[in-house]
Q: 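Pasting in a structure now, in structure tokens, and then I'll have a few things to ask.
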Amino acid sequence: MAEYDPQVIESKWQKVWERQKAFEADADPDREKYYVLEMLPYPSGTLHMGHMRNYTIGDTVARYRRMRGYNVVHPMGWDAFGLPAENAAIQRGIHPRDWTLGNVAEFKKVCYRFGFSYDWRREIASCDPEYYRWNQWIFLRMFERDLAYRKKSRVNWCPKCATVLANEQVVNGCCWRHEDTPVEARDLDQWFFRITRYAEELLTGLDAIAGGWPERVVTMQRNWIGKSRGARVRFDVAELSGKSIEVFTTRIDTIFGASAIVLAPSHPLIAELLAGSPSRAEAEAQLGRMRQTSVKAEDVATAEKIGFPTGRHAVNPFSGEKIPIWVANFVLMDYGTGAIMAVPAHDERDFEFCTKYKLNIPIVIQPSDGPPLTPGNQKKAFPEHGKLVNSGPYSGLASEVALARMSADAEKGKFGRGETTFRLRDWGISRQRYWGTPIPVIYCEKDGVVPVPDDQLPVRLPEKVAITGMGQSPLAGVPEFVNTKCPKCGGPARRETDTMDTFVDSSWYYLRYLDPHNEQKPFDPAKARYWFPVDQYIGGIVHAILHLLYARFFTKVLRDLGHVSADEPFTRLFCQGLVLKGGTAMSKSKGNVVVAMDMAVKYGADTGRLYTLFAAPPEKDMEWSEQSVEGCSRFLNRLFRLVERYAPIVRSHAASAGELGGASEKEKALLRKTHQTLRRVTYDFESRWHFNSAIAIVMELVNEIHAQEPLTEGARPAVAKEVLELTTLMVAPMAPHLAEELWEMLGHAGGLARASWPQYREEFAAEEEVEIVIQVNGRVRARIVVQAGLSQDDLVASGKAEPRVAEELKGKAIVKIIVVPDKLVNLVVR
RNA sequence: GCGGAAGUGGCGGAAUUGGCAGACGCGCAGGACUUAGGAUCCUGUGGCCGAGAGGCCGUGGGGGUUCAACUCCCUCCUUCCGCACCA
């Protein structure tokens, strides 16, 4: 008897699939397409089972869809630019490209070993000039439309490294390499994508995809875009005629309670306000300190509120009241107008600030129910809507009414207007790094900023670069790269030395897959018309905001450029859970990884795949358990032995399905179980991807075939064939190598990579007999087996006849009878 | 602080969406086969009471709706995740 040897079987079928080109798919207007995609991986060193979960889910879905007859495109590629490659270069003196390509080769080997059904002809790597030239091309198109622009922006700067740090390289406000050196803020000229132009559409577009995306992701995106309606109001500066300050507020109804105007430390008007102010010297010293603080969000959020008065005043346009103008660290320059009106009684932050600096706290909103606020009893801000008081002509109005009326009045008085703002900011794409896409721009003394002409693309990354992690952008140290000619005047010019954020690479790669070798365009719109959008996208929740938002943005830009017609790139999104070991996510740095290749060598890829699907529903985190892996291995072994045992019977007979009639009771029971299993597995695959329960029920089926041995004595080949073939097909998307082997054992030539998913048959699945639970007052008192479809009256009668039930009914009156057909009878007695 | 998700045996989890709680797997216990088994097969396995038939309790806590609640409503607790001075 042959043993189940996954090493032999898996390698055998991987070669067959390759020879058959089983997973290559091309546009075919006559067939319905299905584009399933796992998020572009960063090819880091060793692949562990945390990675494999993502691909296993995607592959299972891809294989299932193929069996359902779809024309499935399932590509794979590499997010090959990025900081880790540069770190490797610094630490080991290896070129980032060599390090990256080495990892890619390793990654690919593991994907192959796990039998993932990718169309490898479509493979791309973002560090390939044939890929990133199109990043540059898209950048230029965006530049032409003012969607790419340059402005000064604040970055983290380590004075010891003399370089810019990414946010994640800032640890506790200090450089990750120099933990005693506080990070400084610096302003550099940087490139931005004007994603805010699409803010409204990125928000409304969520409604269209909401049904196909996890709700939490939609919510996170919505919050990130952060639309808020309010008003912009102008306050004149009392001491400087003709000067004014605009604030943004969502609560114009509280404006009579404003006790100060507060500016962000980098507000442009500060210099003018301070010129000639009595408190100038002290104020400038404070300002200097404030401007040094870190850029990191957490640090900003937890910092204590500090501020100082400018000595100037603003005039409240509604009340005519003069209030002081302050500067404080908690006001953000890049949200709203960079200035706020502080209404301490009705805003928590303002309350904290004004309490600290002993500013007035006038109450202008009273709760619509509950005790009224008084200066004596107010311990914290009251930020809710309510009824206006001390608000001149608006006193007595409800907030909701006042908001609209005061906004309209501000507009009439020409000192304000209704306005909508977004929390979303433009996307800064400049990185002072080597291993990324060069930004295709040239600076000429005469012509200024000059885009690189299309026919000079790609702007290639130079090979020989000193990467030290110190100093400015590495490319600035390569004179052959920097020094060039101005495309306009031909005079001497220098190239931009920053590279693009790697999120640019992953913002449109799903379109390049559709036409990966096109040398004329990023992709052929005709091909995109067939394949795009992605039907099912699969990846980690970590990318819920940025990557997905950027990809949506790019899709809209490319649509407006006329390259695609879809509004959204991903119709459905699935976020798989993490793989934990010892309670924390598997990661190399934590040292708790289960190496994917080790898994394949010890148990085989099919066992690894099956366990990943079996241990938990795919959207939930799962804890890795080696012992449970053994369980899956045992199951596949059992299945192998089962088919091996009966395969000769099946093969000896060229059975046709028509011979299933007239089966014995035992055979009928088995056919029933098989078709019920198929019904349930199909349901799990179609609806919610609960592969764990699909596998469980197939295990039950296999157990039943084993236990009852209905096929041994005088077994009917037609029944054996039906049962074993369906079982094999059901596990095929999950354990594809073994399924192929079983399929061959059962007498099929040519493999099942393109076999059809079977249709369950109701006439086999239907139960002839059902177990009915008989309850008295909701408690189970008996179970009876009856013919299916029995009438309610018959069920009640049979139930009452049960001795245990009769006993309970003795001396009591039945007040209500509930019958659930084929399931349950509940007799309510008193 | 705001937003989201989740709490079921010793463990991972199931319950086709209001109808038998604990499927399936792991672990554990007992047995069979074996020179041997960490292979394979069989049996048992939520808690308490009982020799047994059987009974009672049980899905984070408390309350409610219902003939019937892991499932729906209210409330509290715990854990995880995301955002975080957004005016």
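Chain letters run A, B, ... following the sequence lines, proteins first and then strands; every chain starts at 1.
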Q: Does B:rG4 have OP1 or OP2 under 4.0 Å away from a side-chain N or O of A:Asn223?
A: no
Q: With a cut-off of less than 4.0 Å, is there a side-chain N or O of A:Arg804 near OP1 or OP2 of B:rG55?
A: yes
Q: Taking any heavy-atom pair under 4.0 Å as a contact, classify A:Thr421: base, sugar-phosphate, or nothing.
A: nothing
Q: Hey, can you tell me if A:Phe330 and A:Phe353 have their rings parallel, tilted or perpendicular (30° and 60° cut-offs)?
A: tilted
Q: Could you tell me whether the side chain of A:Asn592 and the main chain of A:Lys581 form a donor-acceptor pair under 3.5 Å?
A: yes
Q: Syn or anti for B:rG9, please, going by whether the chi angle lies within 90° of 0.
A: syn
Q: Can a side chain N or O of A:Asn692 be found less than 4.0 Å away from OP1 or OP2 on B:rA14?
A: yes
Q: At under 4.0 Å between heavy atoms, what does A:Asp350 touch on the DNA or RNA strands: base, sugar-phosphate, or nothing?
A: nothing
Q: Between B:rC33 and B:rC41, how far apart are the C1' atoms? Round to whole Å, please.
A: 8 Å
Q: Is there side-chain contact between A:His706 and A:Asn703, with at least one heavy-atom pair below 4.5 Å?
A: no
Q: Taking all non-hydrogen atoms of both residues into account, name the closest pair between A:Val327 and A:Thr310 and its distance.
A: CG2-CG2, 3.8 Å
Q: Determine the interatomic distance between C1' on B:rC70 and the same-named atom on B:rU8; round to the nearest Å.
A: 7 Å
Q: Once pairs are restricted to Watson-Crick or G-U wobble with both distances under 3.5 Å, how does RNA chain B read as a dot-bracket string, [ ] for crossings and | for other-strand pairs?
A: (((((((..(((......[....)))((((((.......))))))((((....))))..(((((..]....))))))))))))....
Q: Identify, between A:Ile340 and A:Arg779, the residue whose nearest nucleotide on RNA chain B lies closer to the 5' end.
A: A:Arg779
Q: Would the base of B:rC86 count as contacting A:Arg425 through its side chain, where contact means a donor and an acceptor less than 3.5 Å apart?
A: yes
Q: So, is A:Tyr683 near the phosphate of B:rU16, with a side-chain N or O under 4.0 Å from OP1 or OP2?
A: no
Q: Identify each donor-acceptor pair in which a side-chain atom of residues 338-346 of chain A lies under 3.5 Å from a protein atom, sequence neighbours left out, and give them as a table.
A:
from: A:His346; atom 1: ND1; to: A:Phe382; atom 2: O; distance (Å): 2.9
from: A:His346; atom 1: NE2; to: A:Val364; atom 2: N; distance (Å): 3.1
from: A:His346; atom 1: NE2; to: A:Ile365; atom 2: N; distance (Å): 3.1

Q: Can you give me the N/O atom pairs linking the protein to nucleotides 26-29 of chain B at distances under 3.5 Å, or say none if there are none?
A:
from: B:rC26; atom 1: OP1; to: A:Arg634; atom 2: NE; distance (Å): 3.0
from: B:rC26; atom 1: OP1; to: A:Arg634; atom 2: NH2; distance (Å): 2.6
from: B:rG27; atom 1: OP2; to: A:Arg634; atom 2: NH2; distance (Å): 3.3

Q: Below the 4.0 Å mark, does B:rA87 have OP1 or OP2 next to a side-chain nitrogen or oxygen of A:Ser228?
A: yes
Q: Checking side-chain polar atoms at under 3.5 Å, does A:Thr682 have a donor or acceptor matched by the opposite partner on A:Tyr760?
A: no
Q: Angle between ring planes, A:Phe415 versus A:Phe318, binned at 30° and 60°: parallel, tilted or perpendicular?
A: perpendicular
Q: Return the 5'-most residue of the pair A:Arg638, A:Gly338 with respect to RNA chain B, ranking by each residue's nearest nucleotide.
A: A:Arg638
Q: Grab the two heavy atoms, one from A:Gly778 and one from A:Asn826, that are nearest each other, plus how far apart they are.
A: N-OD1, 3.0 Å
Q: May I ask you to check whether A:Tyr611 and A:Thr56 show a side-chain donor-acceptor distance below 3.5 Å?
A: no
Q: Regarding A:Val247, tell me which of base, sugar-phosphate or nothing describes its non-hydrogen contacts under 4.0 Å with the strands shown.
A: nothing
Q: Rounding to the closest angstrom, what is the interatomic distance between B:rG82 and B:rC74 at atom C1'?
A: 27 Å
Q: Using the P atoms only, state how far B:rC67 lies from B:rU16, rounded to an integer number of Å.
A: 23 Å
Q: Using a cut-off of 4.0 Å on non-hydrogen atoms, how would the nucleic acid contact of A:Arg679 be classed: base, sugar-phosphate, or nothing?
A: nothing
Q: Contact class for A:Arg222 (heavy atom, under 4.0 Å): base, sugar-phosphate, or nothing?
A: nothing
Q: Would you indicate which nucleotide in B:rG19, B:rC83, B:rG82 comes nearest to any side-chain atom of A:Met220?
A: B:rG82
Q: For A:Ile817 and B:rG19, what is the distance between atoms CD1 and P respectively, to the nearest whole Å?
A: 21 Å
Q: Under 4.0 Å between any heavy atoms, over every strand shown, what does A:Arg680 touch: base, sugar-phosphate, or nothing? Just pick one.
A: sugar-phosphate
Q: Compare all side-chain heavy atoms of A:Phe685 with those of A:Val681 and state whether any distance is below 4.5 angstrom.
A: yes
Q: If the glycosidic angle is within 90 degrees of 0 it's syn, otherwise anti, so just tell me which one B:rU75 is.
A: anti
Q: Given the C1' atoms of B:rA39 and B:rA21, what is the spacing between them in whole Å?
A: 35 Å
Q: Does A:Arg216 reach a base, just sugar-phosphate, or nothing at all? Heavy atoms under 4.0 Å.
A: sugar-phosphate
Q: Once you apply a heavy-atom cut-off of 4.0 Å, does A:Glu771 come out as touching a base, just sugar-phosphate, or nothing?
A: base
Q: Could you state the CD1-C1' distance from A:Ile545 to B:rC81, rounded to the nearest angstrom?
A: 11 Å
Q: If the C1' atom of B:rC76 is compared with that of B:rC86, how far apart are they to the nearest Å?
A: 32 Å
Q: Work out how far the C1' atom of B:rC26 is from that of B:rC49, and round it to whole angstrom.
A: 30 Å
Q: How far does CZ of A:Arg781 sit from CG of A:Leu809, to the nearest 0.5 angstrom?
A: 10.5 Å
Q: Could you tell me the separation between the CG atom of A:Leu578 and the CE atom of A:Met622, rounded to the nearest 0.5 Å?
A: 11.0 Å
Q: Any side-chain N or O of A:Arg423 below 4.0 angstrom from OP1/OP2 of B:rC83?
A: no
Q: How far, in whole Å, is B:rA15 from B:rC24 if one measures between their C1' atoms?
A: 12 Å
